[in-house]
Amino acid sequence: MTAHASADPISIGFFLFAGPLGAVFSFGALVTAAQIGLYAVGIGASLLVSASLAKNQKIDPGQYKNTFEASPENSEVNAIGRCRLGGLKAFGNTRNKDRYRLVCQAKGPLVAIEEYLLGGREVVVDSDTGYVSSPPFAKSGGSWVTIKTKSGTGAETAWPELISAFPNLWTSSHRVRGISQTLVKYVSPGIYTEKFGKLFQGGEPEPAITGRFNTVYDPRVPGADPHNPNTWIWSMNGPLCAARIMLSYPDLTVDSFDWDFISDEADRADALVATLTGTEPRSQCSGVWLSEAKRGDTMKQVLESIGCEVTLSDAGLIRIGLIDDAPTADLTLTEDHLVNFSWRSGPEAAERPNVCRITYYSAERGYEMAEIDMTGIAWARVQDEIDRYGEKIYDIELPFCPSASQAQRIARRLFLQARGDTGVANTNMAGLALWGRDYANIVLPDLDETAVCKIAPPRCDDERGQVEIPFTVWPAELIDNPWNPATMEAPAPEALPNLQYESDLDTPEVLDAALVQYPSGTYELRVQYTHPSGGSTAEASYRVYTGGLPDPWQGMTEWDDFEPSGGHGSIDRPASVWFARASVNALGKDADLRVRWFNGDGDASYFSDPEELRPASIDNTQPSPPAVYGSPIQPQYFGTKDIQVVQFVLQNRTRPISAGAWGPWEDLASNDQVRPGEDVTVVAPPVDDPNLEERRFLAVTSNGTRSAPYYP
């Protein structure tokens, strides 16, 4: 069987990996076992196979969103794609008022963090200090909670904070290498204070992150080396992620794969397909698995979730290919070659599944397995059979599928296949031409038609001079009725907002956002927003996208509409308007900005709808003239209501004593650090004689666009 194993398709037989010896079998032996599994399917044992699959070890990625205590039964957690994880509480102790918790998320690397959560609520964490800047945890000059994370690349050193706080418990040898991990420090304001009750009345809020985990070898990337993981990239590409998961098995190396084939399939996986709401890549992967889980269970769920199958090349290399709804047959098997033929027209009607139920790894539902409401989708219910025999539910669980659209495209095929026909064709020796093939056209003599069939490896009987070919008939519905999202796809579950503090405060509204650049060359991202009733402290935050992927939310510096000192009043502006800024070069990148409010008791409003800059570009819209207050000869305070203004220019012109014509306007002085809502001054010599000198002010944008002048 060694020669057979080098060429057989093994996709259907992956369930055989799940046996108790699956972890120690060689990959070649598993391929051999897969042949037997395909043969069983071919002779009509599909229901038996389905029952076997139902007993496979289930993956529930949602359970790893939370933190959990260490126990002897804990196993290594792996993640790929985009996931939300809490993690294992690996260490915890207290020193004075400071409490420390070390939480291990998953085997590394953690490529990027998209959001932090504390106690199930999203918070903003300063990227430099680790301070949680979100109320009620923020405090003057720091935070009551600090969060720092390591990515788990294998180069980790011991946490200096733990060495300093617990020198007898934590040493430089405690490196926790190769595991993404988060160190949380909780600072107590004193257990008898009101603040303590607001912060820690339910205990220390547990941390979690939404992040991008693991890297894959992408042969399409210039300079990528399959033997150098430092050249690998993060991706949700289905075939590439499947190969990465298989590479975690000790008996496989990068040299075990047909990367030229996988590269072509990766292109097909990245190709955009139509969905109910637009387009998306055809095959994406995200999910969580345990290192000790049965490999067959894991790989079956991965392959089903991404719509792929595994085959072997003629050279015995592993191929991971997408399964098409309308596959192309490699050869045609005609009646001239048939010796005899057996056929089973699907499961018995009373046993045949007639209702399809789908769950997938849903970001909309907070990165948990979520069910899609298939009400009104015709292909998911066979109503005449339901009326006669009752509902026979076929559950399809796709724990590595991050898209409701992808889940339904895959589920339709699986559901129709579960209802499909099987058979065995006995041929003369010409049937050996199908060796190493995946699909064939088989002429069905009793039905007087030719069907596309998924074939199992041929079995040769030399004594009788016959070849036995088990097959499953490919559902004609898939071929005749291509996927149409408008009629075949149900909406994804309604997105649940991240858990936030329940609030009666009005939600603020973002009025405007802009990217500007000062004359010094420094960039600044700005946002303008309303002040809702009951709010007293604002929290604005932003994130930019790198390579089309969001970076973590970052805090901004907030300020309110200015009130010039000295009793000069304020600029004429709508009441209750605030601003925030961040020094970041977001030029050419996508950016989101949002804001929420807290009252004096630390209660929060909900975040505003994000303001999207797609992509961010410098705002050089001509501004309104500045507003100026003070003496007409020597203005002291002035400002602007326009978010794009970065500079004020003071111009003057003069004329001779003889009262001749005025000379040209010339720049006299400027203030090169102007922000909306702030009162500023321009330092200039006083006017000696207003009859001989005139002055005016202009507001200026990043590229020098000037407003109409203001004449004091």
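Excluded from the calculations below are hydrogen atoms, water molecules and symmetry mates; all remaining heavy atoms, backbone and side chain alike, are included.
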Heavy-atom side-chain proximity of [X] to [Y] below 4.5 angstrom:
| X | Y | value |
| --- | --- | --- |
| Asp438 | Thr311 | yes |
| Trp474 | Gln417 | yes |
| Thr427 | Glu468 | no |
| Gln406 | Gln284 | yes |
| Met369 | Pro61 | yes |
| Lys392 | Val355 | no |
| Thr215 | Ile233 | no |
| Ile245 | Trp289 | yes |

Could you grab the distance from atom [atom1] of [X] to atom [atom2] of [Y], nearest 0.5 Å is fine?
| X | Y | atom1 | atom2 | result |
| --- | --- | --- | --- | --- |
| Asp260 | Arg319 | CG | CZ | 9.0 Å |
| Cys83 | Lys65 | SG | NZ | 12.0 Å |
| Ile306 | Ser283 | CD1 | OG | 5.0 Å |
| Ile320 | Asp258 | CD1 | CG | 10.5 Å |
| Phe400 | Lys300 | CZ | NZ | 12.0 Å |

In terms of side-chain heavy atoms, does [X] have a donor or acceptor partner in [Y] at a distance below 3.5 Å?
| X | Y | value |
| --- | --- | --- |
| Asn354 | Arg381 | no |
| Gln408 | Arg412 | no |
| Thr210 | Glu115 | yes |
| Asp218 | Ser235 | no |
| Thr450 | Asn441 | no |
| Thr275 | Glu280 | no |
| Asp270 | Asn237 | yes |
| Asp297 | Gln301 | no |

Between [X] and [Y], which heavy-atom pair has the shortest distance, and what is it?
| X | Y | result |
| --- | --- | --- |
| Leu333 | Ala425 | CD2-CB, 4.1 Å |
| Tyr360 | Ala492 | OH-CB, 4.1 Å |
| Ser180 | Phe213 | OG-CE2, 3.7 Å |
| Leu240 | Pro219 | CD2-CD, 4.1 Å |
| Ile372 | Pro493 | CG1-CD, 4.5 Å |
| Ala440 | Ile455 | CB-CG2, 4.0 Å |

* Asked: For Glu385 and Arg419, what are the C-alpha separation, side-chain angles and deciding distance, and is it a salt bridge (Lys or Arg N to Asp or Glu O under 4.0 Å)?
  -> CA-CA 12 Å; Glu385 292 185 8; Arg419 295 171 47 82; 2.9 Å; yes
* Relative to each other, are the rings of Phe415 and Tyr394 parallel, tilted or perpendicular (30° and 60° limits)? -> tilted
* Would you call the rings of Tyr217 and Trp232 parallel, tilted or perpendicular, where under 30° means parallel and over 60° means perpendicular? -> tilted
* Asked: Do the charged groups of Glu397 and Arg357 touch, with an N to O distance under 4.0 Å?
  -> no
* Carboxylate-amine/guanidinium proximity below 4.0 Å for Arg268 and Asp324 -> yes
* Could you tell me which residues satisfy side-chain hydrogen bond (donor to acceptor under 3.5 Å, both in side chains) with Asp592, sequence neighbours excluded, listed by chain and number? => Arg543, Tyr545, Arg614
* In sequence, state the C-alpha distance, the side-chain angles, and the governing distance for Glu371 and Thr359, and then conclude on side-chain hydrogen bond (donor to acceptor under 3.5 Å, both in side chains). => CA-CA 4 Å; Glu371 183 177 345; Thr359 56; over 6 Å; no
* List the steps and the verdict of side-chain hydrogen bond (donor to acceptor under 3.5 Å, both in side chains) for Thr231 and Asp225. => CA-CA 6 Å; Thr231 66; Asp225 181 354; 5.7 Å; no
* Taking the six-membered ring of Tyr249 as reference, does the NZ or CZ atom of Arg295 fall below 6.0 Å from its centre and within a 45° cone about the axis? -> yes
